[in-house]
Novice: 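For reference, the structure I am asking about is given below.
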Amino acid sequence: MNTEKIINCERNRLEKITNFRLPQYFYKVGIVLGAITLIMMFVRAFTMDGNTEWLKHLLQKTLLVALLLMSIARDKEEDELTVKLRMQSYAWAFITGVVYALVMPYVEFGVSNVVNNGGEVYKDLGDFQILMFMLMIQLMSYHILKRYR
């Protein structure tokens, strides 16, 4: 009896975490924040001189926050099907993200050696590149799954 109560309590906590969503307007906040961040990235890259690495890292983190806001914002119609589609999109994003992180450094290494004819160095992907790829895959697959439901 006591064990069932503990299991139910743990199940309820897990459901609260998996069903957590921000209000719908956070999706628009994420779009605006992402657009401003992308514009600032272009401005930094083409007009600013000097050491602006701190600004680059700040803009990268801001873009990740914008994509995360869009990812966990609630839809207009939130039902069991949209929750299931969202979970499928997260699973799809995780799997493609892991494959991307494993394969892409070798592709980059091979292509750069073919193009440059030199001994290029093998480089791992950064956390920003992997997280941005996973969030973009999640958002795209969720909207594609919603369209074809």
Side-chain angles (χ1 to χ4, degrees), residues 1-48 52-112 114-115 120 122-149:
M1 184 74 175
N2 199 9
T3 306
E4 285 184 28
K5 195 174 182 179
I6 292 171
I7 290 172
N8 284 335
C9 181
E10 292 297 320
R11 182 178 298 137
N12 288 338
R13 284 185 188 167
L14 190 61
E15 284 179 8
K16 275 186 179 179
I17 292 171
T18 57
N19 292 330
F20 173 75
R21 299 283 172 260
L22 291 173
Q24 184 189 0
Y25 65 87
F26 275 95
Y27 188 82
K28 292 177 183 171
V29 171
I31 289 174
V32 170
L33 188 62
I36 292 170
T37 304
L38 285 175
I39 291 169
M40 286 298 298
M41 285 178 154
F42 281 112
V43 168
R44 187 202 73 82
F46 295 115
T47 63
M48 293 182 150
T52 58
E53 284 296 313
W54 64 271
L55 184 60
K56 176 184 171 185
H57 293 296
L58 179 69
L59 292 172
Q60 286 177 343
K61 305 296 183 212
T62 306
L63 185 60
L64 287 177
V65 169
L67 289 173
L68 184 63
L69 289 177
M70 291 170 60
S71 176
I72 61 174
R74 190 179 302 273
D75 269 351
K76 287 180 184 174
E77 298 173 19
E78 197 76 23
D79 57 1
E80 291 177 3
L81 180 61
T82 58
V83 171
K84 183 180 177 185
L85 295 177
R86 192 181 303 270
M87 290 303 137
Q88 286 177 345
S89 68
Y90 281 122
W92 179 247
F94 178 76
I95 292 168
T96 55
V98 169
V99 170
Y100 178 77
L102 292 175
V103 172
M104 196 60 193
Y106 295 106
V107 171
E108 214 173 274
F109 177 70
V111 169
S112 66
V114 168
V115 171
E120 292 292 322
Y122 172 83
K123 295 181 286 186
D124 266 336
L125 299 176
D127 56 346
F128 169 74
Q129 192 173 356
I130 294 171
L131 289 174
M132 190 172 127
F133 178 80
M134 290 174 72
L135 285 168
M136 289 177 67
I137 291 294
Q138 189 274 325
L139 288 169
M140 287 189 312
S141 63
Y142 177 65
H143 288 288
I144 289 172
L145 287 171
K146 258 182 26 180
R147 182 179 299 162
Y148 296 116
R149 61 179 165 176

Novice: Ignoring hydrogens, what is the shortest heavy-atom contact between Gly97 and Met134? Give both atom names and the distance.
Specialist: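 Nearest heavy atoms, Gly97 then Met134: CA-CG, 3.7 Å.
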Novice: Kindly indicate whether the side chain of Lys56, heavy atoms from C-beta on, has any atom under 4.5 Å from the side chain of Met48.
Specialist: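 No; the side chains remain at least 4.5 Å from each other.
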Novice: Return the minimal non-hydrogen interatomic distance between Ile137 and Ala93, and the atom names on each side.
Specialist: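 Heavy atoms only, the tightest pair is CG2-CA, 3.7 Å.
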Novice: Listing request: all ring-ring contact (aromatic ring centres under 6.0 Å, His included) pairs with a residue in residues 79-101, at least two apart in sequence or in separate chains.
Specialist: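 Non-adjacent pairs meeting ring-ring contact (aromatic ring centres under 6.0 Å, His included): Tyr100-Phe133.
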Novice: Are any non-hydrogen side-chain atoms of Thr82 and Tyr142 less than 4.5 angstrom apart?
Specialist: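 Result yes, sub-4.5 Å side-chain heavy-atom pair found.
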Novice: Any idea which heavy atoms bring Leu139 and Leu67 closest together, and the distance?
Specialist: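 Nearest pair, atom of Leu139 first, then Leu67: CD1-CD2, 3.8 Å.
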Novice: Output all residues satisfying side-chain contact (heavy atoms from CB on, under 4.5 Å) with Glu80, sequence neighbours left out; order by chain, then residue number.
Specialist: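 Partners of Glu80 by the side-chain contact (heavy atoms from CB on, under 4.5 Å) criterion come out as none, since no residue qualifies.
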Novice: Applying side chain to side chain contact (heavy atoms under 4.5 Å, CB included) between Thr37 and each of Val65, Leu63, Val32, report the one that passes.
Specialist: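 Only one of Val65, Leu63, Val32 forms a side chain to side chain contact (heavy atoms under 4.5 Å, CB included) with Thr37, namely Leu63.
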Novice: Is Glu78 salt-bridged to Arg86, cutoff N-O under 4.0 Å?
Specialist: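 Result for this pair is yes, salt bridge flagged.
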Novice: Is atom CE of Met136 surrounded by more than 12 heavy atoms (other residues, nucleotides or ligands) closer than 6.0 Å?
Specialist: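 Check fails, neighbour count at 12 or below.
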Novice: Tell me, do Glu108 and Leu125 make a side-chain contact under 4.5 Å, heavy atoms counted?
Specialist: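 SC-SC contact between Glu108 and Leu125 confirmed.
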Novice: So, for Thr62 and Leu58, which heavy atoms are closest and what is the spacing to 0.1 Å?
Specialist: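 Heavy atoms only, the tightest pair is OG1-O, 2.7 Å.
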Novice: With a sphere of 6.0 Å drawn around CD of Glu77, does it hold more than 12 non-hydrogen atoms of other residues, nucleotides or ligands?
Specialist: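 Result for CD/Glu77: open.
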Novice: Determine whether Arg11 and Glu15 satisfy the following criterion, side-chain contact (heavy atoms from CB on, under 4.5 Å), listing intermediate values before the conclusion.
Specialist: CA-CA 6 Å; Arg11 182 178 298 137; Glu15 284 179 8; 3.7 Å; yes
Novice: Output the distance between atom CG (Asn19) and atom CE (Met87), rounded to the nearest 0.5 Å.
Specialist: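 Between Asn19 CG and Met87 CE, I get 7.0 Å after rounding to 0.5 Å.
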Novice: What's the verdict on side-chain contact (heavy atoms from CB on, under 4.5 Å) for Ile72 and Phe26, showing C-alpha distance, side-chain angles and the deciding distance?
Specialist: CA-CA 8 Å; Ile72 61 174; Phe26 275 95; over 6 Å; no
Novice: For a quick test of reading the model, state the closest non-hydrogen atom pair linking Gly34 to Ala66 and the distance between them.
Specialist: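 Smallest interatomic distance, heavy atoms only, reads N-CB, 3.6 Å.
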Novice: Looking only at non-hydrogen atoms, find the nearest pair between Ala73 and Gln24 and report the distance.
Specialist: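 Looking at all heavy atoms of both residues, the closest pair is CB-O, 4.4 Å.
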